[in-house]
Every structure is written in C-alpha cells, then in structure tokens.
Amino acid sequence: MTEPDGKQSRTISVQALARVEGEGALTIRLHEGKVESVELRIFEPPLFYERFLRGRSASEVPDITARICGICPVAYQMSSVHAVEKIFSVTMPPQLRALRRLLYCGEWIESHVLHIYFLHAPDFLGYESALAMAQAGPELASVVRRALRIKKAGNRIVQVVGGREVHPINVRVGGFFRAVRREELTALVEDLKWARDAALETVRWASGLPFPDFTDDYDFVALRHPTEYPMNEGRLVSNRGLDIAAEEYPNHFEEYQVPYSNALQSRFRDRADGRFFVGPLARWNLNANHAPELVRQAAADTGIQFPNRNPYISILVRALEVVLAFDEALRLIEQYEPPSKPAVDFEPRAGFGHAITEAPRGILYHRYETDAAGLIQHATIIPPTSQNQLQIENDLARLAPQLVNMPDDAAALLAEKVIRNYDPCISCATHFLKLRVDGR
C-alpha cells in the first residue's frame, strides 16, 4: 500500500506454514523495498516438558522425553539418557553403544526421507504435496513409492531396536530394557541393502533438483567425533573455531524470548549477530572426512562442491546422510554381538549432566540436575529448531527484497521454501499455507 507520505509499504503474512512439523506463521514487513522486520512466529502451545520433569526419577527421563516429538523421539532419548548417565558415571559397553548408534541410524533414515520426498521435494518440482507429485504421472509415482519403502526400512530399525516405531520404549538409563537378538537384526539385512541402493539413487535424483543460488557466510555448528561421523557423541565445533565440550555449551550460547513466538530462540553469547546454523549441511561441511568412502564418492559424483554455503543444498545432504545411515546400520549389524546383559548397573546420586547429540535437524542439547536420590531438580532442553530460528529469520530478511513486487502466492511459496531448507520441527502440519498481504 501507499502511505500518506507516498512511500510504499507491504506486509507479507503467512498464517500457517505448510509442510513443516508444527504450527507456525511468518510476517515480513517491508518499507520502500527494505526489510523492517521478519518474525517467524511459532504459536503452538508450550509443552512444559522441562517443568514436569522436575521431581521425577532420572530413570523416567528417556521415556518422557521420547514423547516430545513423534518424528525424532530417538534424539530426545539419546540426549537425555547420555546426560543422566554422565551424572551417574555410567560407562557404556561397546555392544550397547553400537546398538544405540544403530537406533539413531533408523531415526535419521525415516526423518530424512520424510523431509526429502514429502516435505521439501514438492517445492523444487512445483507441486503442492507429495500426493500431487504421485498423481502427476508414473515416473513421479514410482519416486514416491520408492520413498515409502526406504522410510519403512528406517522405521523397522527403530521398531526392532527401540521396541516400536514411534516413541520407542526400549532405551533406559544404563543401556536397554532388552538386548536385541542377533537374528532379529540379520532379518533386516536384505531390505537394508535394497534401501542403501535406493538411497544412492535418491542422491542422484536430489542432485538434479533446481537449486537457487542463495549462499551466505554461515557459522556452521555441529558435533565432531575423532573417528566417526557424529551422532551420539563428540565435541561441539564450528567453521569459525569453536571447539567445546557439551558442558561448556551454556557458556557460549543462550536462550531468549521474543514477544511474537512461544518458542525460545538461541544465539551465540559473544557474537554481534548471534546467529548460527545447525543441521545436515553443518554436519557434512564439518565432518565429511569421517563419512564412509561410499558416501563421499556419492557426494563427489554429484559435481556439487563441498563445503557448501547454500542452504538449499541441505536436501541433497540429507540424502547423503540416508546413504550413510544405511551403510552404518549394515556395518553395525554385521559386527553385532549381543551383550551379556542389556544394561549396566548404576547408583543414583546428585550432580549435573550435559549431553549433545545430532538429531536429524541438528544438535539437541540436554542438561539435568539431580538430587542424591536421583530425582530431577532442573532440566534444560534446547532443540535444533530453537537454535536455527535466528538464522532462518536472517535468511528470510535476505530474501525479502525479492518479494516486494511478486504476486501473493508466489511470495508466500518462496518464503516457505527458505524455511523448509531447515526442516523446522515444531510438530506435524499438513495444510497448505494461507497468505495475507496488507498494509500497515
């Protein structure tokens, strides 16, 4: 609209973000072609998990935190159980550690495949949904069927190791409630081999998507393990020199509240802009040298240069991590020897425990304080989406000038595409967005 002084203003409001997990909205305010504000508004009601963990036994924490998210429950279990085990000085035997890594592989697969094919690919191919893709013709219908079968293979890993596909119930402080039998895992092998080949085809398919040029000077943050691609363990590093233990996280990062969102945002404490980037692109840029040769060759065959600073390339990196997860799962199954017992003994005690693991969408930080009886006195949980929010808003601010003269629907779609690069995990949402454009 034109204001009384003759200057042009525009407000772009996305009332409900589509193809993201949860309830969120977006408002971009422009004045004379310049960005005045960008607000990624998460209006889903707070869940208060940190508060109602207080007073609970630490042994209950893995089962409770697994209910936070139906897409990445293993990540919540792993960060929570690792933090509690640090308090109780639990050392995980190699067999149990490997079994937990296998469980995490299953979650990476099912989460990444869901995002690649059903949430993000429609953006690149010009469809409103994966269903619309499947109805467009036999070739894309075959692609969607392939996606469903690949995802099912990841779900089966979570089911067998975790006890069920969603909100798994087999993880406990000290290990597992039940050790998986070797024959249960070997029964998965043939499907996993097929799925690994299908995941390689997914990499080739994703590498051919039309990637907009949207590079920036990002501060990538991820775990780094000395000998393996990071999932459960490692130090927190960045491409700008950060190198800290999980216990040092609160010294370098802080959460804060913004008035337009129910979700806390995170920022670097000692940096002017505060923003940083977590997730698959950060992991790959910082850890590609620890990926198996099969996966590194698949990345090289795409012809795309890494390290890469274009967030649209995240969909391709997710595909690479699916190959990695299948390859790692097959290796772990081949080497698996059932432990003598499913969990190690421990004694509850007072203390503090910090842990960071790599959820599909990026680092997931947990901190717990217990009393002498092992009851939770305080809990802090910082998910990847909270850590990426400030960076997402900055990407939208960079994009906003392109939206000034675009039709409403096109402007909304382009803004959503930027958000979906990060696969924000608020919770499941299925409806396409409704856009409102008005003056201020």
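Because only heavy atoms are used, hydrogens play no part in the values below, and waters and symmetry mates are left out as well, while side chains stay in.
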Nearest 0.5 angstrom please: [X] [atom1] to [Y] [atom2], how far?
X      : Y      : atom1 : atom2 : value
Ile392 : Thr385 : CD1   : OG1   : 6.5 Å
Glu110 : Cys105 : CD    : SG    : 12.0 Å
Met78  : Ile356 : CE    : CD1   : 16.0 Å

Student check: side-chain heavy atoms of Glu248 and Arg235 closer than 4.5 Å: yes
Please say whether more than 12 non-hydrogen atoms of neighbouring residues, nucleotides or ligands are located less than 6.0 Å from [atom1] in [X].
X      : atom1 : value
Glu201 : CD    : yes
Lys86  : NZ    : yes
Arg51  : CZ    : no

Distance alone, cut at 3.5 Å: any donor-acceptor contact between the side chains of [X] and [Y]?
X      : Y      : value
Tyr104 : Thr357 : yes
Asn155 : Gln159 : no
Ser207 : Thr302 : no
His120 : Asn421 : yes
Asn308 : Tyr218 : no

Plane angle bin for Tyr229 and Trp108 - parallel if under 30°, tilted between 30 and 60°, otherwise perpendicular: perpendicular
Tyr249 and Tyr365 aromatic ring geometry - parallel, tilted or perpendicular at 30°/60° bounds: parallel
Derivation of the side-chain contact (heavy atoms from CB on, under 4.5 Å) call for Leu414 and Leu403: CA-CA 8 Å; Leu414 195 56; Leu403 309 180; 3.8 Å; yes
Are [X] and [Y] within salt-bridge range, i.e. N to O under 4.0 Å?
X      : Y      : value
Arg54  : Glu60  : no
Asp216 : Arg398 : yes
Glu321 : Arg318 : no
Arg196 : Asp327 : yes
Arg367 : Glu247 : no
Arg361 : Asp423 : yes
Asp123 : Arg420 : yes

Member of Arg224, His82, Arg101, Arg97 meeting the side chain to side chain donor-acceptor pair (under 3.5 Å) criterion with Glu233: Arg97
Verdict with reasoning, Phe277 to Tyr422, per ring pair (Phe, Tyr, Trp, His ring centres under 6.0 Å): CA-CA 9 Å; Phe277 189 133; Tyr422 293 83; 4.8 Å; yes
Minimal non-hydrogen separation, Cys72 against Pro360, with atom names: CB-CD, 4.0 Å
For Ser340, all residues meeting side chain to side chain donor-acceptor pair (under 3.5 Å), sequence neighbours excluded: none
If you look only at distance, which donor and acceptor atoms sit under 3.5 Å apart when one is on a side chain in residues 131-150 and the other is two or more places apart or in another chain?
{"unit_1": "Arg146", "atom_1": "NE", "unit_2": "Tyr117", "atom_2": "OH", "d": "3.2"}
{"unit_1": "Arg146", "atom_1": "NH2", "unit_2": "Tyr117", "atom_2": "OH", "d": "3.2"}

Mind listing the side-chain donor-acceptor pairs of residues 179-187 below 3.5 Å, one per line with the distance, residues two or more places apart or on another chain?
{"unit_1": "Arg181", "atom_1": "NE", "unit_2": "Glu183", "atom_2": "OE2", "d": "3.1"}
{"unit_1": "Arg182", "atom_1": "NH1", "unit_2": "Ile333", "atom_2": "O", "d": "3.2"}
{"unit_1": "Arg182", "atom_1": "NH1", "unit_2": "Tyr336", "atom_2": "O", "d": "2.5"}
{"unit_1": "Arg182", "atom_1": "NH2", "unit_2": "Glu334", "atom_2": "O", "d": "3.3"}
{"unit_1": "Glu184", "atom_1": "OE1", "unit_2": "Arg178", "atom_2": "NH2", "d": "2.7"}
{"unit_1": "Glu184", "atom_1": "OE1", "unit_2": "Arg181", "atom_2": "N", "d": "2.7"}
{"unit_1": "Glu184", "atom_1": "OE2", "unit_2": "Arg178", "atom_2": "NH2", "d": "3.0"}
{"unit_1": "Thr186", "atom_1": "OG1", "unit_2": "Arg182", "atom_2": "O", "d": "3.3"}
{"unit_1": "Thr186", "atom_1": "OG1", "unit_2": "Glu183", "atom_2": "O", "d": "3.1"}

